[in-house]
Amino acid sequence: MTDEKFQGGMAEKPSPPFQLVTLKKRADFKAAANGPRFSTPGFTMLRGPEAGAVPPATGLRFGFTVTKKVGNAVERNRIRRRLREAVRAAADRFPRHPMDLVILARRTAIERDFPDLVADIARAVDALARRGAHKSRSSAAGEVSEN
RNA sequence: CCAGUCGGCCGGGCGGCCGCGAGGCUUUUUCAAGGCUUCGAGGAAAGUCCGGGCUCCAUGGAGAGACGGUGGCGGCUAACGGCCGCCGGGGGCGACCCCAGGGAAAGUGCCACAGAAAAGAUACCGCCGGGCAUCGCCCGGUAAGGGUGAAAAGGUGCGGCAAGAGCGCACCGCGUCGCUGGCAACAGUGAUGGCAGGGCAAACCCCGCCGGGAGCAAGACCGAAUAGGGAUGGCGCGCGCCGCAAGGCGCAGGAGGCUCCGCUCCAGCCGUCCGGGUUGGUUGCAGGAGGCUCGGCGCAAGCCGGGUCCCAGAUGAAUGGCCGCCACGUUCCGCCGCGAGGCGGGGCCAUACAGAACCCGGCUUACAGGCCGACUGGAUAU
RNA sequence: GGGGGCGUAGCCAAGUGGUUAAGGCCGGCUGCUCAUAACAGUCUUAUCGGGGGUUCGAGUCCCUCCGCCCCUA
């Protein structure tokens, strides 16, 4: 059902109607803190558990963490907006695997070329989806069976 | 044209594709989603250094004390440590700039080193007089000169004197008492004193004035979940002494958002009623000491009146991402020109400082580049 | 958002307004030792976080800015 909706969107417009759902609760971030991680020049991506009760079409939820060490308020805002836009741009390359992902921004995210940033996001999501799936098969079978 | 002073303002523009938040309208049978449309960061939104609004708590002594802040005078303001005007002092050729700028005869304290002496004065070298008399020593007078210091007990000149000294006089400074001008700070001026009263109060302090406390995570409401909390009414009141008893006297614990005094409340039992912390949501929450503009008053800060506009409301936190063109800037290369400069092409992710979090008024700090006005000192030309 | 505190040498730190700013660790050199450590002696290292003001004089007092830490949910 979700797949049909997704494909229908594709047919109408050149880019899919990807709706970005962000993590809002501190507990969600803490759940991802010790999960598998994938680092790129602009950020580190952390993988949390399966998405919550009402997952979006793609089943992915993203959380953005930009600490005060990175820069002042203007720079932090800019980094968060670029990363969010990069996630949107990379959405059509995402695997359909429900999970929470936390993006821990680095200062270099403000300088990095936007196409590279988009490629990094796609690379990281793909890698973490496969690694998470591999891990869940061996350790936590309950999470997979729910899917 | 060069150098400078002061005040005010701007701080990219247009367009394309894809998005975000909020409001309104609308479509589908509902849940929900879609469509259209409007609006969507700053001059400092920053630092949080002051002042208010607003909310809750306290509110008896319009108490006293402590603590903190503030400090020329007058005005503006809701208020201020802000702003305007003026006065006084200092700096600059000038436009102009800077100043915590009350009190040092209420008291206490400090003034290192140097110096004779650092504050009820004193005398190292000197100067003068007298005595003894071989260099010189002793006694007295003096504070003009030398020297020390950031600062040396009014300054300069003349007289005077043994030498000197406000000892006398003139001018300046200072104090006191008048007069004139000014709302006042203060200024001017006259008389008089005869030099007393060094500096530091961003040392303690004194004087005047101001300040109750906490903060929108204040506060109010709703829902879920849990059972240790709360409100109210009645009865009752800890310890000691006196008394047969009723009761009387004395002492004490905790709370009331700095302390004290005063005052009030509380402790245990029973009845009735309501549901705290925590988490989520709604509200507070944007029509305001509001913006723009016109007229009047005022030197100005500002005030009064008319017209007109509605102009951000997020909450892991919207206002963006990627491009194109233009303006401006900067830099490099080539060509032209004696030169100022001009033309063409390229680079700078081609824009500084920086992101509302309840709201206003200020202050302070950061800031690429640019614009406007007034004025000052030079230079040149007429 | 609100409240509190700190900043002195590479590190830890003392410092009533008054000489050239204590002390310890570290470091350099010398001695001792075959050598090292320990020990003894000796020496160096300070824009007192930056700027401005008050004062004759500021690490100290006042103002302002910067950086860091803690508390409060």
Side-chain angles (χ1 to χ4, degrees), chain A residues 1-133 135-136 140 142-143 146-147:
Chain A
M1 187 177 169
T2 50
D3 286 353
E4 282 171 20
K5 223 176 186 178
F6 188 78
Q7 297 289 356
M10 272 281 256
E12 280 174 21
K13 294 183 178 180
S15 65
F18 173 75
Q19 199 187 357
L20 181 65
V21 176
T22 57
L23 301 181
K24 308 257 185 223
K25 296 197 178 167
R26 183 164 166 72
D28 293 337
F29 286 83
K30 286 187 80 171
N34 292 318
R37 52 179 62 200
F38 186 89
S39 293
T40 74
F43 57 90
T44 296
M45 189 179 280
L46 304 170
R47 185 197 192 284
E50 311 296 320
V54 187
T58 53
L60 290 171
R61 296 197 302 170
F62 287 89
F64 297 91
T65 296
V66 189
T67 62
K68 277 193 176 175
K69 274 173 83 176
V70 171
N72 63 21
V74 172
E75 290 172 335
R76 295 201 305 270
N77 274 340
R78 186 167 170 79
I79 287 169
R80 183 162 36 74
R81 287 163 179 163
R82 292 193 86 210
L83 287 173
R84 205 172 44 199
E85 203 63 24
V87 165
R88 225 170 53 78
D92 56 345
R93 284 187 257 170
F94 287 166
R96 229 155 286 111
H97 183 84
M99 55 183 176
D100 286 350
L101 295 167
V102 171
I103 295 175
L104 195 64
R106 286 195 189 150
R107 190 176 169 73
T108 46
I110 207 167
E111 300 265 322
R112 192 155 175 82
D113 288 339
F114 193 73
D116 294 344
L117 213 54
V118 173
D120 289 344
I121 293 279
R123 216 149 44 83
V125 170
D126 187 60
L128 287 175
R130 264 183 288 154
R131 208 185 318 172
K135 209 174 192 179
S136 64
E143 283 182 50
E146 220 169 276
N147 228 8

Practice prompt. Output yes when at least one side-chain N/O atom of A:R84 is less than 4.0 Å from OP1 or OP2 of B:C322, else no.
Written response: no
Item to complete: Tell which nucleotide pairs with B:C273, taking only Watson-Crick or G-U wobble pairs whose two distances are both under 3.5 angstrom.
Response: B:G230
Practice prompt. Specify the closest pair of heavy atoms between A:A89 and A:F114, including all atoms of both residues, with the distance to one decimal.
Written response: CB-CE2, 4.4 Å
Fill in: Strand partner of B:A46, provided both Watson-Crick or wobble distances fall under 3.5 Å
B:U364
Item to complete: Nearest whole angstrom, please: distance from the P of B:G320 to the CG of A:L117.
Response: 18 Å
Fill in: Spacing between A:F64 atom CZ and B:G320 atom C1', to the nearest angstrom
13 Å
Practice prompt. Assign B:G43 to syn or anti; the rule is syn for a glycosidic angle within 90° of 0 and anti otherwise.
Written response: syn
Discussion item. I need the CD-C1' distance between A:E85 and B:A318, as an integer number of Å.
Written reply: 13 Å
Fill in: C1' atoms of B:A78 and B:A357, separation to the nearest Å
25 Å
Worksheet entry | C1' spacing across the pair B:U264 / B:C242, given as an integer number of angstrom | 31 Å
Worksheet item: Roughly, in whole Å, what's the span from CG in A:L83 to P in B:C322?
Response: 11 Å
Worksheet, complete the sentence: Any strand, both distances under 3.5 Å, Watson-Crick or G-U wobble: B:G7 pairs with B:C372
Discussion item. Give me syn or anti for B:C311, where syn covers glycosidic angles within 90 degrees of 0.
Written reply: syn
Discussion item. To check you understand the geometry: which heavy-atom pair defines the closest contact between A:T108 and A:G42, and what is its length?
Written reply: OG1-CA, 3.7 Å
Worksheet item: What does B:U282 pair with, Watson-Crick or G-U, if both distances are under 3.5 Å?
Response: B:A220
Worksheet item: Counting only Watson-Crick or G-U wobble pairs whose two distances fall under 3.5 Å, which nucleotide matches B:A170?
Response: B:U156
Worksheet item: What distance, rounded to whole Å, do you find between the two C1' atoms, one in C:G24 and one in C:U45?
Response: 15 Å
Discussion item. If I compare all heavy atoms of A:R82 with all of A:I110, which pair ends up nearest, and what's the gap?
Written reply: NH1-O, 3.3 Å
Worksheet item: If pairing requires Watson-Crick or G-U wobble contacts with both distances under 3.5 Å, which nucleotide is the partner of B:C297?
Response: B:G302
Practice prompt. Under the salt bridge (Lys or Arg N to Asp or Glu O under 4.0 Å) rule, collect the residues that match up with A:R107, sequence neighbours excluded.
Written response: A:E75
Worksheet item: Rounded to the nearest 0.5 Å, how far apart are CZ of A:R106 and CD1 of A:I79?
Response: 12.0 Å
Item to complete: Hunt down the Watson-Crick or G-U wobble partner of B:C17, both distances under 3.5 Å, from any strand shown, or write none.
Response: B:G321
Discussion item. Distance check needed: B:G316 P versus A:L23 CG, whole Å only.
Written reply: 12 Å
Fill in: Residues that A:D126 engages under salt bridge (Lys or Arg N to Asp or Glu O under 4.0 Å), provided they are two or more places apart
A:R130
Worksheet item: What interatomic distance, in whole Å, is found between P of B:G94 and the corresponding atom of B:A119?
Response: 42 Å
Worksheet entry | Who pairs with C:A22 - Watson-Crick or G-U, where each distance is under 3.5 Å | none
Discussion item. Using atom C1' in both nucleotides, what's the gap between B:G88 and B:G149 to the nearest angstrom?
Written reply: 31 Å
Worksheet item: Taking the side chain as C-beta and beyond, is there a heavy-atom pair between A:T40 and A:M45 under 4.5 Å?
Response: no
Worksheet entry | Syn or anti conformation of C:G67, syn meaning chi within 90° of 0 | anti
Discussion item. Roughly how many Å apart are B:G256 and C:A9, using the P atom of each and rounding to a whole number?
Written reply: 46 Å
Fill in: Least distance between heavy atoms, A:I121 atom then A:A90 atom
CG2-CB, 4.0 Å
Discussion item. Please report the distance separating the C1' of C:G57 from the corresponding atom of C:G18, rounded so that it comes out in whole Å.
Written reply: 7 Å
Worksheet item: Got a sec: does the CZ of A:R123 have more than 12 other heavy atoms crowding it under 6.0 Å?
Response: yes
Worksheet item: Taking OP1 and OP2 of B:C20, is either one under 4.0 Å from a side-chain nitrogen or oxygen of A:T22?
Response: no
Item to complete: Specify the glycosidic conformation (syn or anti) of C:A13, with syn defined as within 90° of 0.
Response: anti
Fill in: Integer-rounded Å distance: B:G316 P and A:L104 CG
18 Å
Response to the item:
Expected string for nucleotides 346-356 of chain B under the B/S/- scheme (protein heavy atoms, under 4.0 Å, primed atoms plus P, OP1, OP2 as sugar-phosphate) is --------BB-
Discussion item. Between B:C76 and B:C207, how far apart are the two P atoms, rounded to whole Å?
Written reply: 31 Å
